[in-house]
Amino acid sequence: MAAKDRISRIRNIGIIAHIDAGKTTLTERILYYSGKTHKIGEVHDGQATMDWMPEEQERGITITSAVTTCFWKGSEIHIIDTPGHVDFTIEVERSLRVLDGAVGVFCAVGGVEPQSETVWHQADKYRVPKMAFINKMDRLGADFLGVVEQMKDRLGIHPLILTVPYGAEDTFQGVFDVIREKLLVWDEATKGADFTELPVPEDQQEYVFSAKESLLEALSEVDDDIMEKYLGEEPISRQDLDRSLRKACIELMGVPVYCGSALKNKGVQPVMDAIGKYLPSPGDVPPVKGTNPETGEVEERPNSSKGPLSALAFKVQMDQGRKMTYVRVYSGVMKAGKEVWNASRRLKEKTARILQMHANKRERVKEAEAGDIVAVMGLKNTVTGDTLCDREHPVLLEPIETYQPVISVAVEPKTIADQEKIEVSLKKLSEEDPTFRVRFDDETGQTIISGMGELHLDVLVQRLLREFKAPVTVGKPQVVYRETIQKAVTLTERFDREIGGGRQVAEVSIEVSPRERGSGHEIISELPPDVLPEGYQELIIETLRNSLESGVVKGFPLIDVRVVLRDAVYEEGLSTDVAFRAAASMALREACTQADPILLEPMMRLEVTLPEDFMGEVIGDLNVRNGRVENIEPRGPVQVVKAVAPLSRLFGYSTNLRSITQGRGTFSMVFSHYDPVN
């Protein structure tokens, strides 16, 4: 197949939705009906092909994006099945960054659920054309039109309804093809692989006719040619409708909507047909843009295998201890065994092997062309978001946006012998996941791991044990407080003691005073140069600086203190280094004790994004946590609350926020400043 012809047949799509909407179940049917698999794997049995990680099989949820390829009616479909849990949002974000289209799955009972909104808006951010599948029409409480209305209200879409249900709940039997006005009924004996086309029953003809009229009206709003024919009552061909639907979908003017029950094997094939008909090929989307790192100019790379190589590394995964990098090729050809240029890090990399993935199974290929999504072995220094290109034609593509972790816990090896293994394992996990951070806290001696939520960290801890054989004890990190003083004090301290059979004497006079919060320490000397022998003044200054590391309230470091060395008395034959160190240390400690010392706690700046309906509960909860709301601003269909709150009151906030907002609220958190403990 010619490269140009092949690229027009490729579909790079993601299956996106809220947790438990049926994404993986739909993907399993697509693989089965396309002949990619010969058995349908069920999520509830832990047998789904795309949920291959033990953690996914145990929990019955998708944790990591899995990539596969199948063929259907001439289309080569590369599918990424993404997670639905908010803790793994980065998996959706980096997948949507490299996809050309998406299928949003919605539960016919739950409707537009919180994470559905999140992932839909993520797709909007990257201008990814989308279609929708309203799943679980067989469930009690299924409401097809109710969900469509929710999609219009919450997602702001223009629905183009192409199948409508025949029955609902326990009477759901099949779907009506709105364009062809046919009833499609699936054969349970073949697990839905076969279906029959029937005429529309008489008592349903008005229902289907009305659905087709609504579709034509909806298309008329976005397509002038259809509007002219519709208003002129001219015949509109199937080709006209397909052309119009494809144009509306690719140009983000409308969303094709389908319905069915993936678990009951009904309604899936029309979705598969629509992926090929209406979602874009790599050649249908605008050329990828990047910056030439040498000239600083913006360049375009047409989606063609003939131009220079440009590719984006969008995911890193450890495979039996070896690094495997998922790559989307935008232009040119990537060949196995050849060198590529990592423009993000300005170094050469070698593509040892190129693999076409099917979940955790793989097939070696010699090269990857424009439009391909493949896994590459051998890229030692490449991380998520890096650009790979030709050295002679460098380009930097837009990197993948990552999220700041919002929750942390402390981990410790169960034995001293495990310490090195833990460090190596955590480094590998942080290479895989940009939202997972590891740091060593010198002040508490703890290794702190940070992530997007409790489930996120729990999964990573389980992987430490299962994959890396690195058992850890998990606790909570303690908040590291600070101390400061509130008034100025001048004090003289004399040290005069017998030490080691000899008398040692020194006297130091200092003044301590508070500085503006966040300004740091200031230590100055007002001593004339001839008061002390050479070296003693520097020794006293160093001692004062070191003494500020331990406060007088709880022993936490002092901050924002001004110390002035006013005077020092040196006695020949009696004054020593030890005596001056002791006098300076005692002077600082006593002066700070008299200067109204207080304990300070770290304050975090929060940005909470939520639907307006939950504003009262969220603000009330922040007040209970001693938070202070500074600003509220609208941002599209949601509100953004900006606030400051003490870190000590924010442990568990991630879970609590989801609870109060029914999972629809998200937040980010960064350090702001220190405030007195209330």
Side-chain angles (χ1 to χ4, degrees), residues 1-12 67 76 78 80 94-101 126-128 280-316 323-357 364-402 431 434:
M1 186 187 296
K4 186 175 180 181
D5 187 41
R6 177 176 174 253
I7 204 169
S8 69
R9 297 173 182 271
I10 291 175
R11 299 292 181 273
N12 290 316
V67 182
E76 179 182 330
H78 302 159
I80 298 183
R94 58 187 177 184
S95 298
L96 287 170
R97 172 68 176 80
V98 299
L99 292 171
D100 302 320
Y126 292 115
R127 297 190 59 78
V128 175
S281 73
D284 294 319
V285 297
V288 66
K289 290 184 179 180
T291 305
N292 186 316
E294 294 176 1
T295 65
E297 294 181 2
V298 175
E299 295 182 0
E300 286 189 349
R301 293 290 170 90
N303 300 296
S304 165
S305 298
K306 291 183 178 178
L309 173 67
S310 65
L312 187 73
F314 69 94
K315 178 182 166 89
V316 172
K323 186 175 177 181
M324 183 163 66
T325 308
Y326 286 86
V327 171
R328 160 71 194 263
V329 182
Y330 285 99
S331 65
V333 178
M334 180 181 286
K335 296 185 178 182
K338 300 293 184 182
E339 283 188 345
V340 293
W341 179 250
N342 184 325
S344 306
R345 308 200 172 273
R346 302 188 67 80
L347 48 81
K348 291 179 182 177
E349 291 272 45
K350 188 171 183 178
T351 55
R353 282 183 288 159
I354 299 177
L355 308 168
Q356 190 174 77
M357 300 301 295
R364 290 181 70 163
V365 293
K366 292 180 179 179
E367 60 183 32
E369 300 178 341
D372 282 340
I373 293 177
V374 293
V376 180
M377 306 293 288
L379 303 177
K380 295 180 180 179
N381 299 297
T382 299
V383 299
T384 298
D386 283 0
T387 300
L388 303 172
C389 58
D390 289 342
R391 180 67 183 93
E392 295 75 24
H393 303 90
V395 69
L396 269 174
L397 304 179
E398 180 188 350
I400 295 171
E401 183 179 324
T402 59
E431 281 184 23

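Along the sequence shown, residues are numbered consecutively beginning with 1.
- Remark: the Ser310 side chain and the Ser331 side chain contain an N/O donor-acceptor pair separated by less than 3.5 Å.
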Assess whether side chain to side chain contact (heavy atoms under 4.5 Å, CB included) is satisfied between Leu379 and Leu388, documenting all intermediate values. CA-CA 10 Å; Leu379 303 177; Leu388 303 172; 3.7 Å; yes

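- Note that NZ of Lys289 and CD of Glu398 are 11.0 Å apart. Values are rounded to the nearest 0.5 Å.
- A cation-pi geometry, defined here as NZ or CZ lying under 6.0 Å from the six-membered ring centre and within 45° of its normal, holds between Arg328 and Tyr330.
- Atom NZ of residue Lys335 and atom CD of residue Glu369 lie 9.5 Å apart, to the nearest 0.5 angstrom.
- Checking side-chain atoms of Asn12 against main-chain N and O of Gly371 turns up a donor-acceptor pair under 3.5 Å.
- The nearest pair of heavy atoms linking Ile10 to Ala370 is CD1-O, 4.2 Å.
- Here Leu312 contributes atom CG and Asp386 contributes atom CG; the two are 8.0 Å apart, rounded to the nearest 0.5 Å.
- Shown here for Pro280 and Asp100, the closest heavy-atom pair between the two residues is CG-O, 3.1 Å.
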Derivation of the side chain to side chain contact (heavy atoms under 4.5 Å, CB included) call for Glu349 and Asn381: CA-CA 8 Å; Glu349 291 272 45; Asn381 299 297; 3.5 Å; yes

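- Here the shortest heavy-atom pairing between Cys389 and Val395 reads SG-N, 3.7 Å.
- No option in His393, Arg391, Met334 other than Met334 meets the side chain to side chain contact (heavy atoms under 4.5 Å, CB included) test with Leu309.
- We find the NZ-NZ distance between Lys338 and Lys350 to be 9.0 Å, quoted to the nearest 0.5 Å.
- The minimum heavy-atom distance between Lys348 and Glu339, with the atom names listed, is CD-OE1, 3.4 Å.
- Closest approach of Thr382 to Val316, counting heavy atoms only: O-CG2, 4.0 Å.
- With a 4.5 Å cut-off on side-chain heavy atoms, Pro394 and Glu294 count as touching.
- The two residues Ile7 and Ser281 have their closest heavy-atom pair at O-CB, 3.3 Å.
- The closest side-chain heavy-atom distance from His78 to Asp372 is below 4.5 Å.
- In this structure Thr291 satisfies the side chain to side chain donor-acceptor pair (under 3.5 Å) test with no other residue, sequence neighbours excluded.
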Would you check, one step at a time, whether the test side chain to side chain contact (heavy atoms under 4.5 Å, CB included) holds for Tyr326 with Ile80? CA-CA 11 Å; Tyr326 286 86; Ile80 298 183; over 6 Å; no

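- Among Val340, Asn342, Leu397, the single residue meeting the side chain to side chain contact (heavy atoms under 4.5 Å, CB included) criterion with Thr387 is Leu397.
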For Arg345 and Val383, what are the C-alpha separation, side-chain angles and deciding distance, and is it a side chain to side chain contact (heavy atoms under 4.5 Å, CB included)? CA-CA 10 Å; Arg345 308 200 172 273; Val383 299; 2.7 Å; yes

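- Atom CD of residue Gln356 and atom CD1 of residue Ile373 lie 11.0 Å apart, to the nearest 0.5 angstrom.
- Between Pro286 and Arg127, every side-chain heavy-atom pair lies at or beyond the 4.5 Å cut-off.
- Going from atom OG1 of Thr325 over to atom CZ of Phe314 covers 10.5 Å, rounded to the nearest 0.5 Å.
- Scanning for salt bridge (Lys or Arg N to Asp or Glu O under 4.0 Å) contacts around Glu297 gives an empty result, with sequence neighbours left out.
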